[in-house]
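Scroll down for the structure; my scribbles are underneath it.
Throughout, protein chains are lettered first and strands after them, A, B, ... in sequence-line order, and every chain is numbered starting at 1.
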Amino acid sequence: MNERLLKILLDAIPQLIEKFFTMTIPLTILSFSFGLVIAVLVAIAQYAKVKVLREFCRVYIWIIRCTPLMVQLYLVFYGLPNVGIVLDAFPTAVLVFSINEGAYMAESMRGALEAVPSGQLEAGYCAGMRFPAIMWHVILPQAFRTAFPALSNSLISMVKDTSLASVITVTEMFRQAVIINGRVYESLALYTEVALIYLAFCSLLTVLQRFGERKLSAYGGAR
Amino acid sequence: MMLQIRDLHKTFDNHSGEVLKGVSLSVDKGDVTAILGPSGSGKTTLLRCINFLETANAGTMIFEDRKIDMTRAGKSLISFIRKKTAFVFQNYNLFLNQSVLHNVTLGLTSGRKMHRAQAETIAMEALRRVGMAEKALAYPGALSGGQQQRVAIARAIATSPEIIYFDEPTSALDPELIGEVLSVMREIAQDGMTMLVVTHEMEFARHVSNHVVFMEQGVIIESAASEAFFASPKTDRAQAFVRSIMHQHQM
Ligand SMILES: Nc1ncnc2c1ncn2[C@@H]1O[C@H](COP(=O)(O)OP(=O)(O)O)[C@@H](O)[C@H]1O
Ligand SMILES: [Mg+2]
């Protein structure tokens with residue numbers, strides 16, 4: 001490896017890392033959190049068998065899952081201004097990622113809710129508890145445990161998908177690499193470098209997932 | 001009169017014909033009523049309608065001098081009644097993510113807004129009564145079926161209900177575990193709890209309950225004091241049923 005290339009790569013690291021921590025990570029955390037809230041609400045709405053709400057949720061999941069994320073980003077960022085709705089790039093990215101990932105995670109949560117033995121809901125009612133309390137204390141904790149691997153998967157996908165925000169001018173880590181490359185023309189080396197940072201971080205998340213799964217694997221050490 | 005049911009009818013959308021065809025029964029305070037009958041006769045459905053887990057198609061309930069149209073009881077009325085009743089299920093239905101102690105306290109802290117410390121005192125007392133106090137910190141998954149059902153009974157008595165409904169509480173248990181649950185139920189009955197118990201345990205029906213109701217195909221065909229019932233069931237069908245159950249148990 002020649003000296004010029006080495007210097008380019010070393011110089012790029014702090015710039016990439018900076019964008020990683022100031023943009024990629026916040027984008028991931030915000031979008032994942034909002035997405036999870038959407039997912040839980042949508043999954044509960046379906047679980048609770050409220051007819052109108054359930055139909056609405058089905059339509060939401062259908063539309064989101066059957067259109068590309070890239071198209072959704074373009075639609076909101078470049079399309080909505082035509083009807084007078086103008087949003088900044090970063091909020092747009094958070095909005096679209098949350099709504100997008102929310103639909104996928106809602107399906108994971110719905111499956112997990114339905115896997116909780118249903119007699120516990122009735123037992124909760126008979127103990128004098130109300131639906132929200134039963135969900136909070138009994139059903140959701142069990143559903144989260146079941147959904148944990150799928151939700152971890154969604155989180156890892158989300159980290160990588162934030163790179164798509166570059167197409168709507170959000171300068172997250174990947175777009176920063178593109179910008180640097182525009183000056184130095186070292187595509188192979190730079191994009192490898194950025195790929196390695198994603199790889200390292202997602203590997204860390206994978207390890208955390210295994211750790212989390214082990215922690216969650218049993219209530220009170222038995223079962 | 002603690003509880004009275006008049007002319008209860010129930011049909012399921014996906015099931016042809018009425019499952020309950022005008023069931024009436026009444027339970028006095030302190031009564032232990034056994035509901036007997038062959039499988040599919042509507043015993044579970046009856047209990048579920050009485051606790052509003054199913055909505056009846058017709059029927060009136062009189063609960064502590066309140067007259068309730070069972071087809072249109074509202075949420076708050078249902079919640080009011082449920083706080084004065086308890087239900088023990090065939091398959092226990094314990095909260096699997098909660099410790100034994102919290103299985104019992106949740107109905108108090110969440111259902112009745114009681115302070116945690118007070119709830120835990122009451123819960124420990126209930127667990128002691130069913131012989132499960134040492135397992136307070138265990139999780140349901142670590143318990144045998146008999147222990148789980150005893151915890152479910154502790155959960156039921158902790159809220160000091162006016163009446164407890166039992167739906168075949170020993171039917172899911174291995175034979176060697178049935179005794180421990182029945183003896184807990186017997187003690188609770190002796191302490192004066194009002195109980196409505198669907199069961200196939202003839203010994204329990206005969207010696208613990210003071211009243212027997214025999215159901216078949218969605219109707220009550222015989223209702224009598226338990227001594228009278230077991231001395232000589234009036235109807236042929238009840239006679240045949242009792243004989244067949246006794247016979248099974250001897251084998
Ligand atoms: N949720 C339901 N949907 C349709 N049919 C049901 C449902 N629950 C019970 N049934 C029917 O009602 C009848 C009585 O059932 P059940 O009350 O469980 O009887 P038992 O408890 O006496 O064995 C059975 O024929 C059963 O198939
Ligand atoms: Mg039954």
Side-chain angles (χ1 to χ4, degrees), chain A residues 36 40 43-45 47-54 108-152 212-223, chain B residues 47-48 50-54 75-76 78-114 135-143 148 151-152 154-156 158-161 164-167 172:
Chain A
L36 193 56
V40 168
I44 290 177
Y47 181 75
K49 304 196 167 85
V50 185
K51 245 196 175 154
V52 188
L53 222 51
R54 184 160 63 171
S108 308
M109 279 308 293
R110 187 175 61 87
L113 284 174
E114 281 164 7
V116 177
S118 67
Q120 294 177 68
L121 183 63
E122 293 186 341
Y125 282 132
C126 290
M129 298 168 73
R130 291 188 176 259
F131 183 79
I134 304 171
M135 290 310 284
W136 181 255
H137 291 291
V138 178
I139 309 291
L140 276 177
Q142 293 177 61
F144 268 116
R145 195 178 77 150
T146 311
F148 186 79
L151 296 179
S152 306
E213 275 173 27
R214 220 172 304 135
K215 282 238 120 177
L216 286 171
S217 72
Y219 292 115
R223 215 153 99 75
Chain B
L47 287 192
R48 290 174 60 83
I50 293 177
N51 217 16
F52 301 95
L53 291 173
E54 304 285 355
K75 264 191 180 165
S76 61
I78 290 175
S79 160
F80 169 82
I81 293 171
R82 283 198 183 133
K83 281 180 191 166
K84 289 170 169 277
T85 63
F87 204 110
V88 174
F89 297 86
Q90 185 170 352
N91 52 356
Y92 340 123
N93 287 341
L94 292 182
F95 308 135
L96 297 176
N97 64 319
Q98 300 283 353
S99 67
V100 162
L101 179 64
H102 287 148
N103 263 275
V104 183
T105 54
L106 265 178
L108 299 167
T109 53
S110 167
R112 290 160 185 80
K113 308 290 168 237
M114 188 183 285
K135 295 280 187 184
L137 299 181
Y139 283 77
L143 305 179
Q148 291 196 52
V151 173
R155 175 169 72 180
T159 57
S160 309
I164 305 181
Y165 308 115
F166 292 81
D167 187 11

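Here the side chains of H137(A) and H102(B) are not in contact, with every heavy-atom distance at 4.5 Å or above. Proximity of M129(A) to F95(B): side-chain heavy atoms (C-beta onward) are separated by under 4.5 Å at one or more points.
To the nearest 0.5 Å, the span separating OH on Y125(A) from CD1 on I78(B) amounts to 10.0 Å. For the atom pair CG of L216(A) and CG of N97(B), the computed distance is 11.5 Å after rounding to the nearest 0.5 Å. Here SG of C126(A) is found 4.0 Å from CZ of F89(B). Values are rounded to the nearest 0.5 Å.
Other residues, nucleotides and ligands contribute over 12 non-hydrogen atoms within 6.0 Å of the NZ atom of K83(B).
When G111(B), A158(B), A156(B), P140(B) are compared by the number of non-hydrogen pairs under 4.5 Å with chain A, G111(B) comes out ahead. Considering only heavy-atom pairs separated by less than 4.5 Å from chain A, the leading option among V88(B), L94(B), L143(B) is L94(B).
Using a 4.5 Å cut-off between heavy atoms, S79(B) touches chain A through its side chain atoms alone. Neither the backbone nor the side chain of I81(B) comes within contact range of chain A, judged by heavy atoms closer than 4.5 Å.
For N93(B) against A123(A), the heavy-atom pair with the smallest separation is O-CB, 3.3 Å.
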